[in-house]
Structure formats: C-alpha cells, structure tokens
Amino acid sequence: MINMLLNALLIAVREIRRNLTRSFLTVIGIVIGVAAVVTMVTLGRGATETIKGEISKMGSNLLILRPGQGWFSRGVDQFSIDDLDAIRTQINGVADLAPFVQSNATAVFQENSSNFDVQGTTSNYFKIGNWEISKGRIFTEEEVANASSVCVIGETIRKKLFENIDPIGQRIRLGDNSATVIGVTAAKGQGGFGDDLDDNVIIPYTALVRRQTGSQGGRFVSQVMISGEDGFPSAQIVAEVTLLMRERRHISLNEQDDFNVFDSQQLADVVTSSTKVMTSLLGAVAGVSLLVGGIGIMNIMLVSVTERTREIGIRLAIGARAREVLLQFLVEAVTLSCIGGIAGILLAYGLCHALVKVVGTPFIFDPTINIIAFVFSAAIGILFGFMPARRAAALDPIDALRHE
Amino acid sequence: MTGETLIDLQGLTKVYGTGAASFKALRGVDLSIQRGEFVAVMGPSGSGKSTLMNLLGCLDSPTSGSYRFKGIEVESLNKDQRSLIRRHALGFIFQGFNLLARTSALENVELPLLYRGYTRKRRHELARQALASVGLLDKERNTPAELSGGQQQRVAIARAIVTSPETLFADEPTGNLDSKTTREIMELLCRLNSDHGISIIMVTHEDDVAAYAKRVIHVRDGLISDDFQNGHAAPPHPADA
C-alpha cells in the first residue's frame with residue numbers, strides 16, 4: 001500500500017513536471033483563492049487590533065460622564081466636585097475617578113507660542129486616562145489641594161515650545177497666568193478620530209477653576225472620568241451612575257437624561273464585533289474565489305482526463321490496475337492543490353507585508369486561517385481530483401487506447 | 001518451446017451491444033497455442049481478429065466460452081486480476097506505438113517496472129538492457145517526437161520486453177512503418193522468439209509480415225477459417241537476411 005502510494009506520487013510528480021503549463025493553470029486558481037482569503041483575514045485581524053489599541057489608548061475600563069445627550073451639551077448643567085464624591089462613595093465597582101475641566105489657552109515660552117487644550121484634573125487622571133510620563137513627574141494631591149501653578153505638558157506642546165531645551169522646571173505663560181512644567185507625557189499619537197492626543201497641558205483643576213474659568217456655582221466639571229474595577233461589569237456601573245445622577249440632578253420619571261455615560265468597553269465591543277463582521281465578509285468573498293479556483297482545478301482535471309485517455313489506456317494495457325490510475329490522478333490533484341495552497345500562503349505573506357505598510361495596521365499571523373485555507377485547498381484537490389479520476393480509471397483499456 | 005500449452009480457447013464468443021443492435025464478433029472460437037510459438041493472426045477488417053487479440057491479451061473479457069492462459073481461467077477474472085496478468089506475463093506492441101508523449105525513451109521503457117514496484121536502480125538497469133537489445137541505448141533521453149517511427153516502435157518493443165514477459169502481443173506492429181523498417185522490426189521480433197523463447201501472437205493483414213511467423217491463423221466472420229504451420233519458419237527473403 002505504501003509502495004503503491006509512493007509509486008503514484010512518483011508518477012504524479014513526473015506528469016506534473018511534464019505538463020508544466022497545464023499544471024500552472026491548475027494551480028493558479030488555488031493560489032489566488034488561498035492568497036485572497038489569507039490576505040483579507042490577516043489584514044482584517046490587523047485592523048481589529050489597531051482599533052482595539054486606539055480604544056485602549058483612552059484608558060481601560062473607562063467610563064466618561066458628560067452633560068447633555070450626544071455631542072451637544074450647551075446650556076446643560078455641568079457637574080460638581082460633590083457629584084464626584086457621591087459617585088465615589090455610593091457606586092460599586094469604581095476604581096478611580098477624576099474631574100475633567102476643559103479650557104483653551106495660548107501657551108507662551110520665550111518666542112514660541114501654541115494654542116492648545118488646558119485640562120484641569122487631579123492626579124488620578126493620569127492613571128485613568130492611560131497617560132505615561134516620559135519625563136519628570138505628575139502633580140501630587142497636595143499640589144491639587146493647594147492649586148499650585150504646575151503643569152504636565154503633552155509631547156506636541158513640548159516640541160512646539162521647547163524643541164531641544166529640557167522643559168522640566170521651565171515656566172510657561174498660560175493665558176494670563178503662568179505655571180512650572182513638572183512633567184511631559186509620553187506620546188499617544190492620533191486618537192480614534194484623527195485628533196492629536198498630545199496637544200494638551202494638564203494642570204490641577206483647582207488652579208484652572210480659580211484662575212481661568214471661575215466657579216459657576218461649583219458646576220465647572222465638564223466631564224467625569226471613571227475607571228471601573230477590573231472584571232466588574234461596566235454596564236452595571238453605567239446603570240448605577242445614571243440612577244444616581246438622575247436623582248442628584250432632580251430629573252423626574254418622565255424626563256430624559258440630560259447627561260450621558262460613555263462606556264469605552266461597550267465601544268470596544270461594538271467596534272470589535274463590526275470589524276469581525278467585516279473580516280468575515282471579506283473572508284467569505286475571498287472564499288468564493290477559492291471555490292472558483294477549486295472548480296478551475298476540477299475543470300482542468302476533467303479536460304486533462306479526456307486529453308489523457310490514451311495515456312490511461314497505455315497504463316492500463318501494460319498492467320496498471322484501475323485503482324492505481326485513480327490514485328495517480330488523485331495524487332496529482334492533491335499535489336497540485338497543496339503546491340497551490342503553499343504558494344498562495346506565501347503570496348499572501350508578500351501581499352500582507354506590502355499592504356500593512358500602506359494601510360498602517362500591524363501584521364498579525366493567524367495560524368487558524370492559514371490552516372483552514374490550506375486544508376480547504378487540499379480538500380478541493382481531493383474532491384475535484386477524485387471525480388474525473390474515477391471516470392478515468394473506469395475506462396476499458398481498449399476504449400482508452402482507441403481514443404483520439 | 002517445451003510444447004506446454006500456453007493458450008487454450010473453447011467455444012469463445014464475444015457479442016458487442018445487446019438486443020437487435022448486438023453484433024457477434026466471435027462465434028465460438030476453439031484454439032490452442034503452445035509456449036514458444038510465433039503466431040500471426042490474419043483476416044480482413046471486421047473479421048474479429050482484433051477482438052480475438054484483445055481477448056487473448058486479457059484486455060477484454062469474453063461473452064461466453066472458456067479461455068485458459070497457462071491454466072488460469074481468464075474468463076472468470078475481474079478487471080484488476082486481468083491487469084495483474086498483463087503486468088506479470090504479457091507485453092504489448094501496438095500499431096500506433098502508444099508511447100507516452102513528452103517522455104524520454106528510458107522513462108517510457110521503465111513504465112511497466114514502476115507498476116511492479118522495482119527500485120529506481122533496478123528499473124534503470126533493466127530499461128537500459130531492454131533499450132540495448134533493440135539497439136537504442138544512445139537514444140534513452142530522446143522523447144518520441146525526436147525519434148523516427150521505427151525507433152519509436154523499437155522503444156515500444158523495449159517497453160514490452162523489459163519485464164521479460166512470456167508472451168508478446170503485437171497488433172499490426174509494422175502497420176505504420178516503411179518496408180525497410182518493417183523488416184528490421186520483424187527480424188527483431190523473430191530474434192526475441194527464437195533467442196529468448198518469448199511466445200509472440202501478432203495481428204497483421206500483410207502476407208509478407210505474416211510470413212515471419214511460424215504459424216498463421218486466418219479469421220473470417222468470427223471463426224477460424226484456416227490454421228497452418230508456415231513452410232519456412234525463417235525470414236522469407238534469404239537474400240536480404
């Protein structure tokens with residue numbers, strides 16, 4: 001049996017080599033199909049990972065409480081520090097929270113100036129928002145309590161204002177006031193909407209409220225950043241925060257919320273599942289080309305059996321058994337589709353490496369799709385190689401020999 | 001040439017098709033061929049000589065009657081078993097040579113050995129021996145397209161004898177060849193018969209080709225009409241020999 005198989009392999013390889021054009025045409029369909037499937041799915045996986053990365057830049061388990069519904073919050077009351085305390089003390093699963101007071105100012109250092117966002121917050125903000133410090137330090141609780149004139153600047157600001165000078169300890173002018181630079185945040189790059197995340201100055205909110213925005217009756221917090229405990233369901237925190245805020249903002253039962261809670265986990269889930277759908281869709285389209293490639297193999301096997309009827313007759317006449325001829329054709333088909341499968345995977349790698357640079361997604365090796373594509377191409381070879389081969393082997397030697 | 005019975009036919013018939021459209025190609029042939037004989041089967045086209053040849057060569061199975069090849073009841077064998085008889089005991093030479101295209105002479109000749117599962121070394125050794133015995137050792141790398149008709153037929157003969165078969169079936173082996181090449185091929189067949197003791201059964205419709213055989217059988221309308229020993233078992237043209 002092993003001998004018969006080795007023999008069939010030897011004969012099949014000889015026939016493939018002898019008919020290179022035919023073999024090439026047979027293989028090309030599978031190559032394209034497999035390459036398409038593997039490329040699509042690999043790029044899709046890369047895109048999914050990119051989006052996941054973008055979302056985790058915002059902070060893990062991050063919830064953001066904002067006034068108003070959707071993007072419009074004008075004329076709606078903002079939040080107070082008391083609201084933060086209420087959330088901290090009354091709601092389960094909250095790991096940390098920080099106020100976020102937004103303002104805009106021009107920063108000046110010597111001749112350089114830049115317009116940017118001023119973000120007033122507490123030291124918790126750095127942890128919640130996933131900010132790493134590349135230089136210096138973050139501000140302390142005391143500095144927040146004392147409304148100290150200190151600031152942590154983003155990488156973009158550092159470049160614009162300081163170029164090659166060490167910014168730590170330098171004083172910059174922020175609008176009408178000034179602050180000492182105590183730290184620089186590590187670059188995050190672009191946000192999910194193409195905005196520059198590093199074009200900001202972070203200062204103690206107390207300093208910002210006192211100096212720049214006034215107190216507005218204590219409701220000066222434009223966003224509350226909340227991080228959930230690891231593994232705690234974020235949906236529950238959202239529900240409890242919503243109930244608490246309705247109560248504190250005196251919203252009656254038949255009124256709608258005048259605030260909203262953004263859940264990064266939920267966004268991540270939605271985006272991830274939609275990219276997964278996209279990937280499967282692309283994969284399915286590519287799968288059709290794989291199927292067409294398989295039909296191509298069947299077609300060429302059928303035609304070649306017709307063309308090769310005399311060869312089959314010769315083999316039968318000199319003593320080949322039907323099953324040996326069957327095996328030969330089967331091995332030929334499987335060999336061709338395996339060569340096609342491997343070539344397709346290699347081609348996919350070339351394409352992926354080239355496309356990853358263009359699209360800007362990471363290259364993620366996914367063994368599953370490679371195995372699936374390869375097994376599928378081999379299965380096509382077996383299935384589509386078997387049918388015409390059976391027809392070939394069933395021929396009578398004399399009929400096959402007389403065939404012209 | 002021991003006089004041992006090689007082939008024994010009793011009332012062999014072959015019917016093609018069924019019902020009204022059926023055609024009786026053989027109508028009860030009795031025939032006995034001894035080991036070592038060189039038999040020419042002659043007859044006009046449609047006489048049934050090719051059908052007889054195919055049955056003798058185990059390429060086809062009879063409708064009725066018995067066929068014993070070396071005592072084996074061929075009529076009761078299935079396709080695969082007949083394949084094995086062809087593989088182990090028979091060699092075939094065809095009018096159209098039937099070599100594999102785009103395939104070197106050596107690979108064509110070693111083809112039957114592949115199905116015997118011989119090693120590469122043994123295959124090449126035997127194939128070269130066979131090519132040497134037909135005088136084509138220097139052409140082992142040539143494909144059929146690079147060989148003349150006579151050379152192609154000699155490659156085909158090498159392929160038929162590479163397994164050292166006891167019996168060689170030749171179907172119009174010189175049908176596509178000119179007279180000079182015909183003489184070369186027929187002398188080669190005679191040598192294989194006399195020197196190596198290979199039994200040869202050859203279909204032909206040419207008298208001068210049949211003249212090389214030791215025994216001539218005429219088939220007409222599905223029956224043997226004549227069966228005689230050739231007066232001169234030697235080549236009929238002593239002047240050319």
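Labels below follow one simple rule: chain letters A, B, ... track the order of the sequence lines, proteins then strands, and each chain is numbered from 1. Note that the coordinates shown come from a computational prediction; the quantities given were computed from them, not determined experimentally.
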Work out which heavy atom in E15(A) is nearest to a heavy atom in L100(B); give both atom names and the distance.
OE2-CD1, 4.3 Å
Could you pull out the closest heavy-atom pair between A317(A) and F94(B), with the gap in Å?
CB-CZ, 3.9 Å
[atom1]/[X]: more than 12 non-hydrogen atoms of other groups inside 6.0 Å:
{"X": "R128(B)", "atom1": "CZ", "answer": "yes"}
{"X": "Y16(B)", "atom1": "OH", "answer": "yes"}
{"X": "K79(B)", "atom1": "NZ", "answer": "yes"}

Return the [atom1] to [atom2] distance between [X] and [Y], rounded to the nearest 0.5 Å.
{"X": "L55(B)", "Y": "I398(A)", "atom1": "CG", "atom2": "CD1", "value": "7.5 Å"}
{"X": "L114(B)", "Y": "L10(A)", "atom1": "CG", "atom2": "CG", "value": "5.5 Å"}
{"X": "T103(B)", "Y": "R14(A)", "atom1": "OG1", "atom2": "CZ", "value": "8.5 Å"}
{"X": "L59(B)", "Y": "L401(A)", "atom1": "CG", "atom2": "CG", "value": "7.5 Å"}

Would you find a donor on one side and an acceptor on the other, under 3.5 Å apart, between the side chain of R86(B) and the backbone of L316(A)?
yes
Donor-acceptor contact present, side-chain S83(B) to main-chain A320(A), <3.5 Å
yes
Flag the one option from D80(B), N54(B), L84(B) with the top tally of heavy-atom pairs under 4.5 Å to chain A.
D80(B)
Name the one of N108(B), L99(B), N98(B) that satisfies side-chain contact (heavy atoms from CB on, under 4.5 Å) with I314(A)?
N98(B)
Between Y115(B) and R321(A), does any side-chain donor sit less than 3.5 Å from a side-chain acceptor?
no
[X] versus chain A, the contacting section by heavy-atom distance below 4.5 Å:
{"X": "A101(B)", "value": "backbone"}
{"X": "F169(B)", "value": "neither"}
{"X": "R116(B)", "value": "neither"}

Identify whether the distance between the nearest side-chain nitrogen and carboxylate oxygen of E324(A) and R87(B) falls below 4.0 Å.
yes
Could you check whether E107(B) pairs with R18(A) (Lys NZ or Arg NE/NH1/NH2 to Asp/Glu carboxylate O, under 4.0 Å)?
yes
